[in-house]
Amino acid sequence: MKRTRSGRQGRLRCTFAAAVAMAAVLGTAALPAQAADGDGGSPKAAPASTPLPPELEKIRADEATKLYGDPAERPLADRKTGLISLGDSEISGEGVGTYEPGTDGPDNWCHRSPDAAIHRTGIAADVTYNVSCSGARTVNIKIGGEKQYADELVQSDNLAIKARNTKIKTILLVIGANDDLEFSSVMTDCVTRFLLSQGACAGKYAPGWQARVDGLVPKVEQSIRDLKTVMKDAGYQEGDYKLVAMGYPSPIGPDFRDNPNFPGKLVCGGLGYDSDTEWGRNSAVPTFATGMRKAAKNAGATYLDNSRLFHGHEVCMEDTWARGLYVDLSNPFPPDSNSVRQSFHPNARGHAAFASCLTQLYNSGQREASCADPASTGSPKLYPGAWDDAYKPLKNQATGTCVDVDASSSRNGTKVQGWDCTGNRNQTWWYDAGQKSLHTGLTQDRCVDVPGTAKEGTAVTLWNCHGGANQKFVRDAGTLRPASDTALCLGLASPKEPLKLQKCNGSANQKFA
């Protein structure tokens, strides 16, 4: 079945039907009469939807006519199937560079891209709708909310129309960054401080970041509840569709110098202090993700944790899924906020990753899942649950110390050691049973690695995850053994020494809990 898309052109580059149409013109609600079967058989009852306000009903009737040739509101079983995304720039397509006509200024900056994720999933659907808009806040989503631009609808109203004309299978919601967090403003300030040598921004924002997230959570919850109300009013039961709240990935990290082709920050657009990129990846985005997870759970939505999805694919990395600092020189001089709004957003490859994760989630039937590319294959993989629950400390039974990444650095070659347990992110680990790899909590893209051949006395380090034999370990009764030689075990001879390979002997210093 051929899929159609709404607005696919890029920037740069019989009597019942008549009665319904008359009702729309006169501003009255759709008639609760009966619609004929598609095969001309016995009539079916019209869907049990709540009538729309006259101005929305007229839009619905016009869209139905374009879809079916007449304005009737059909029973669910007789409709085309649809997918829809709502939210802000993260999912609208901002940063891709090619946008639908009318959404690239000067009076509308929604920046909806034909390459946005909702148009690229593997979920079977006849039509896909992207009604998200760059800069959107929760007030632009909620029932009775505010329009962003004169030619835009409140996004929940847009959903109400599409839900009556098509059978919506999946709603993708990505919202929150522009509310209390003011993520765009924070990023702009951090880049400005770097360019003007004013010092790192993390110290300015870190103390109040949790409070910002706490203020945001109830707004996201209300957005989810309002979308569920919209669907109920359109005649849907909750089991008729999947409502997915997706988290935001970190677009930038501190490991870009490991890129063998790193061209410099100015060229690839990774402008900012290294310490700020660490704070963003290690603290700001994870805290935000925890809040989004809470909102989804409280409001009854499916949660897709993408907080680690871009690890290894950040700005200035080898295969980046995000756009760095970008100034659109086609805008009138001097540059304004619209000139740089495409910066630090997913590019086309990033949206392909979103689409893959959403497809896997839809097919899995899970209510909560995480997505990442743990072996740097370029193809993300879905895992059950959220990343918050996946990463755990590894405490040595003999020394009482924890496996620790030296100085919280995730650069290639960083020492892995024992250290006093702190609970910090650099002491959390995730064992991927499928890959047999051990990942640091700092980034999904760095694994415990045996330099060279596995032999007694070798100290392990962190290295870019690649799925090679020297990054595969077998977990056995509390021990971690290189898959290439399971007679060796990782162990700590003393509390704070490097983690080394030892001949397995069953001792407590080779066991981790």
* Structure fact -> To the nearest 0.5 Å, atom CG of Leu358 lies from atom CD1 of Ile118 at 6.0 Å
* **Check: Ser343 side chain, Val340 main-chain N or O, donor-acceptor pair, under 3.5 Å** => yes
* Structure fact -> When rounded to the nearest 0.5 Å, the distance separating CG of Leu56 from CG of Leu153 is 6.5 Å
* Does Asp180 come within less than 4.0 Å of Lys219, counting only side-chain N to carboxylate O? -> yes
* **Heavy-atom donor-acceptor pair, Ser376 side chain to Cys465 backbone, under 3.5 Å** => yes
* Between Glu63 and Lys162, is the closest basic N to carboxylate O distance under 4.0 Å? -> yes
* Minimal non-hydrogen separation, Ser92 against Cys110, with atom names -> OG-O, 3.3 Å
* **Distance-only donor-acceptor check, side chains Asn165 and Arg79, under 3.5 Å** => no
* With side chain to side chain donor-acceptor pair (under 3.5 Å) as the test, would you mind laying out the steps for Thr128 and His119 before giving the verdict? => CA-CA 6 Å; Thr128 54; His119 300 313; 2.7 Å; yes
* So, the side chain of Asp115 versus the backbone of Ala348: is there a donor-acceptor pair under 3.5 Å, distance only? -> no
* Taking every non-hydrogen atom, the tightest pair across Leu181 and Arg212 -> O-NH1, 2.8 Å
* Is there a salt bridge (charged side-chain N to carboxylate O under 4.0 Å, His left out) between Arg293 and Asp389 once you walk through the steps? -> CA-CA 12 Å; Arg293 181 191 187 190; Asp389 297 336; 2.6 Å; yes
* **Value rounded to 0.5 Å, distance of CZ in Arg446 from NE2 in His311** => 11.0 Å
* Contact summary for Pro251 and Ala322, nearest pair of heavy atoms -> O-CB, 3.9 Å
* Nearest heavy-atom neighbours spanning Val285 and Pro249 -> CG1-C, 4.2 Å
* **Donor-acceptor pair, side chain of Asp226 and main chain of Ile143, under 3.5 angstrom** => yes
* Asked: Within a radius of less than 6.0 Å around NZ of Lys167, do more than 12 heavy atoms belonging to other residues, nucleotides or ligands occur?
  -> no
* May I ask you to decide if the ring planes of Tyr383 and Trp387 are parallel, tilted or perpendicular, using 30° and 60° as cut-offs? => tilted
* Could you tell me which non-hydrogen atom of Ala206 sits nearest to which non-hydrogen atom of Trp279, and how far apart they are? => CB-NE1, 3.4 Å
* So which of Ser134, Ser132, Pro346 actually passes side chain to side chain contact (heavy atoms under 4.5 Å, CB included) with Glu90? -> Pro346
* Answer yes or no: is there an ion pair linking Asp70 with Lys66, defined by an N-O contact shorter than 4.0 Å? => no
* Does one side chain, of Asn338 or Arg341, offer a donor that lies under 3.5 Å from an acceptor on the other? -> yes
* Asked: Do Asn108 and Glu152 have side-chain atoms, one donor and one acceptor, less than 3.5 Å apart?
  -> yes
* List the steps and the verdict of side chain to side chain donor-acceptor pair (under 3.5 Å) for His439 and Ser437. => CA-CA 6 Å; His439 301 251; Ser437 50; 2.7 Å; yes
* Structure fact -> ring-ring contact (aromatic ring centres under 6.0 Å, His included) pairs touching residues 49-72, sequence neighbours excluded, are none
* Using side chain to side chain contact (heavy atoms under 4.5 Å, CB included) as the criterion, point out the one residue from Thr170, Thr166, Leu227, Ile168 that pairs with Ile84. => Ile168
* Please check if the side chain of Arg308 supplies one atom and the backbone of Ala372 the other of a donor-acceptor pair under 3.5 Å. => no
* To do: Kindly give the heavy-atom pair with the smallest separation between Ser223 and Ile141, and that separation in Å.
  => CB-CG2, 4.0 Å
* **Pairing of Arg323 and Glu94 as salt bridge, 4.0 angstrom limit** => no
* Do Glu73 and Ser49 have side-chain atoms, one donor and one acceptor, less than 3.5 Å apart? -> yes
* Asp373 and Lys381: CA distance, side-chain angles, deciding distance, salt bridge (charged side-chain N to carboxylate O under 4.0 Å, His left out) verdict -> CA-CA 6 Å; Asp373 182 16; Lys381 185 177 178 181; over 6 Å; no
* Centroid-centroid distance, Phe310 to His313, less than 6.0 Å -> no
* Hey, mind stepping through Ser339 and Asp328 against side chain to side chain donor-acceptor pair (under 3.5 Å) and telling me if it holds? -> CA-CA 5 Å; Ser339 302; Asp328 185 354; over 6 Å; no
* Structure fact -> One should read off an interatomic distance between Gln444 CD and Trp430 CH2, to the nearest 0.5 angstrom, of 5.0 Å
* Asked: With a 4.0 Å cut-off, would you call Arg112 and Asp104 a salt bridge?
  -> no
* Tyr431 six-ring face occupied by Arg475 cation (under 6.0 Å, within 45°) -> yes
* Asked: Parallel, tilted or perpendicular: which fits the ring planes of His111 and Tyr99, with parallel below 30° and perpendicular above 60°?
  -> parallel
* Establish, from distance only, whether the side-chain atoms of Asp214 and Gln210 form a donor-acceptor pair under 3.5 Å. => yes
* N-O pairing of Lys436 and Asp432 below 4.0 Å -> no
* Tell me whether the centres of the aromatic rings in Phe473 and Trp429 are closer together than 6.0 Å. => no
* Spacing of Leu304 atom CG and Met246 atom CE [to the nearest 0.5 Å] -> 6.5 Å
* Structure fact -> Distance col, row Met231:CE vs Tyr241:OH, nearest 0.5 angstrom, shows 5.5 Å
* Thinking salt bridges, do Arg225 and Glu238 make one under a 4.0 Å N-O criterion? -> no
* For Asp88 and Tyr248, test the side chains for any donor-to-acceptor distance below 3.5 angstrom and give the result as yes or no. => yes
* To do: Check the pair Gln155 / Gln148 against side-chain contact (heavy atoms from CB on, under 4.5 Å), numbers first and verdict last.
  => CA-CA 9 Å; Gln155 292 186 34; Gln148 273 184 267; 4.0 Å; yes
* Do Ser307 and Asp305 have a side chain donor and acceptor closer than 3.5 Å? -> yes
* To do: Take Arg164 and Thr50 through the test side-chain contact (heavy atoms from CB on, under 4.5 Å) and record every step on the way to the result.
  => CA-CA 10 Å; Arg164 284 166 171 78; Thr50 301; 4.1 Å; yes
* I would like to know whether Asp179 and Thr138 meet side chain to side chain donor-acceptor pair (under 3.5 Å); could you show each step before the answer? => CA-CA 7 Å; Asp179 283 77; Thr138 53; 2.7 Å; yes
* Asked: Side chains of Gln360 and Ser364: do they bring a donor and an acceptor to under 3.5 Å?
  -> no
* **Candidate pair Glu146 and Arg137, rule salt bridge (charged side-chain N to carboxylate O under 4.0 Å, His left out), full reasoning** => CA-CA 9 Å; Glu146 300 174 4; Arg137 297 175 294 133; 3.8 Å; yes
* Asked: Are Leu52 and Lys58 close enough, and set up right, to give a side-chain contact (heavy atoms from CB on, under 4.5 Å), and what steps lead you there?
  -> CA-CA 9 Å; Leu52 291 170; Lys58 179 159 190 326; over 6 Å; no
